[in-house]
Amino acid sequence: LSTRKDDSTTQLSDLKVKMLKAQYKIESSHVIVKETKDAMRVLEEQKQRGEDDLKKVTHELESAHAAKLQELKLVEEKIDALRNPVALEAAVSRCMRQCSELEAQRKRYQDENLMRKHAVLAEINDALRTCAEYKEYEDKTVKKVNRFITEFDIPKIELSSSDKQKLSSR
């Protein structure tokens with residue numbers, strides 16, 4: 001019985017050791033799982049940034065490509081126009097007509113601006129003339145008042161000394 005007990009104790013010890021090792025492995029696995037999840041999250045964020053950068057660069061390149069295609073189309077049209085004398089003549093006449101229209105429009109604007117300028121100058125001159133006339137009127141009125149005062153020898157009216165004293169005491 002004692003050997004059986006010793007064997008059972010040994011087996012129990014071995015089982016406890018195995019159980020502790022298994023618990024350690026489980027805990028280690030949990031740590032590894034957590035680290036793996038964190039690493040996956042970081043990789044997911046990097047992937048998202050990479051996709052965003054790719055979209056941005058793709059959009060920029062597509063815009064640049066569209067602009068280059070437009071430039072190419074214009075150059076091709078110019079080459080076709082140079083190769084086709086009839087089209088070249090039509091383009092030249094169209095440009096000449098547009099130039100004439102723009103020149104006429106510029107002349108029209110220039111004439112309108114000149115007329116506005118003359119109108120404003122006339123208003124300014126009228127205002128200055130009115131000011132000068134008013135100044136002349138004021139001068140004449142002051143001269144008349146002064147002449148009236150001197151002709152009629154109007155005495156200077158002053159306050160009495162008692163009135164002056166009353167005013168100064170206030």
Side-chain angles (χ1 to χ4, degrees), residues 1-132 134-135 138 166-170:
L1 191 62
S2 148
T3 45
R4 185 128 172 111
K5 185 179 175 184
D6 287 340
D7 285 345
S8 294
T9 308
T10 306
Q11 285 178 351
L12 186 61
S13 288
D14 288 344
L15 283 175
K16 283 183 181 181
V17 168
K18 287 180 184 179
M19 190 175 83
L20 287 173
K21 285 181 182 179
Q23 279 181 334
Y24 177 76
K25 283 182 182 180
I26 290 172
E27 288 174 5
S28 296
S29 296
H30 285 302
V31 170
I32 291 171
V33 166
K34 183 183 180 305
E35 289 173 353
T36 304
K37 284 182 180 180
D38 290 344
M40 285 178 54
R41 185 181 40 78
V42 168
L43 288 173
E44 189 65 35
E45 289 172 358
Q46 289 176 346
K47 175 187 165 197
Q48 187 61 45
R49 281 195 304 270
E51 288 175 354
D52 292 344
D53 290 346
L54 177 66
K55 286 178 185 177
K56 179 182 172 188
V57 169
T58 302
H59 178 70
E60 290 172 358
L61 289 175
E62 287 174 351
S63 297
H65 181 70
K68 293 294 181 184
L69 284 177
Q70 184 65 27
E71 288 178 30
L72 179 64
K73 181 180 174 186
L74 291 173
V75 168
E76 287 175 348
E77 288 175 0
K78 289 178 182 177
I79 290 172
D80 288 343
L82 290 173
R83 287 185 182 152
N84 183 353
V86 174
L88 179 62
E89 187 63 34
V92 168
S93 66
R94 187 174 58 248
C95 288
M96 295 297 286
R97 185 180 67 250
Q98 187 179 16
C99 183
S100 298
E101 290 171 1
L102 289 173
E103 182 62 31
Q105 186 180 23
R106 185 195 61 78
K107 177 77 171 114
R108 196 170 51 249
Y109 287 159
Q110 187 178 18
D111 291 345
E112 288 173 4
N113 288 337
L114 189 60
M115 288 186 331
R116 284 190 201 118
K117 182 178 176 181
H118 284 297
V120 168
L121 285 175
E123 285 182 40
I124 290 172
N125 286 331
D126 287 346
L128 290 173
R129 191 172 21 265
T130 302
C131 288
Y134 184 73
K135 174 75 171 124
E138 280 182 333
K166 288 178 186 175
L167 282 175
S168 63
S169 66
R170 286 186 185 179

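Sequence positions, counted from 1, serve as the residue numbers for this chain. Because the structure is a prediction, the values reported are computed rather than measured.
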Exercise. Output every pair passing side chain to side chain donor-acceptor pair (under 3.5 Å) with a member in residues 92-102, not counting sequence neighbours, ordered by first then second residue.
Key: none
What donor-acceptor contacts under 3.5 angstrom involve side-chain atoms of residues 52-59, with partners at least two apart or in another chain?
| from | atom 1 | to | atom 2 | distance (Å) |
| --- | --- | --- | --- | --- |
| D52 | OD1 | Q48 | NE2 | 3.1 |
| T58 | OG1 | L54 | O | 2.6 |

Quiz prompt | Partner set under side chain to side chain donor-acceptor pair (under 3.5 Å) for D126, not counting sequence neighbours | solution = R129
Quiz item: With sequence neighbours left out, what residues match K135 under side chain to side chain donor-acceptor pair (under 3.5 Å)?
Solution: D139
Quiz item: By side chain to side chain donor-acceptor pair (under 3.5 Å), which residues pair with Q105, not counting sequence neighbours?
Solution: Y109
Exercise. Sequence neighbours left out, what passes salt bridge (Lys or Arg N to Asp or Glu O under 4.0 Å) with E45? Give chain and number order.
Key: R41
Quiz item: Sequence neighbours excluded, which residues qualify as side chain to side chain contact (heavy atoms under 4.5 Å, CB included) partners of L121?
Solution: K117
Self-check item: For L12, all residues meeting side chain to side chain contact (heavy atoms under 4.5 Å, CB included), sequence neighbours excluded
Solution: K16
Self-check item: Contacts of K73 that satisfy salt bridge (Lys or Arg N to Asp or Glu O under 4.0 Å) - sequence neighbours left out
Solution: none
Quiz prompt | Under the salt bridge (Lys or Arg N to Asp or Glu O under 4.0 Å) test, residues paired with D111 that sit two or more places apart | solution = K107
Could you list the donor-acceptor pairs under 3.5 angstrom formed between side-chain atoms of residues 21-31 and any protein atom two or more places apart in sequence or on another chain?
| from | atom 1 | to | atom 2 | distance (Å) |
| --- | --- | --- | --- | --- |
| S28 | OG | Y24 | O | 2.9 |
| S29 | OG | K25 | O | 2.8 |

Self-check item: For Q110, side chain to side chain donor-acceptor pair (under 3.5 Å) partners two or more places apart
Solution: R106
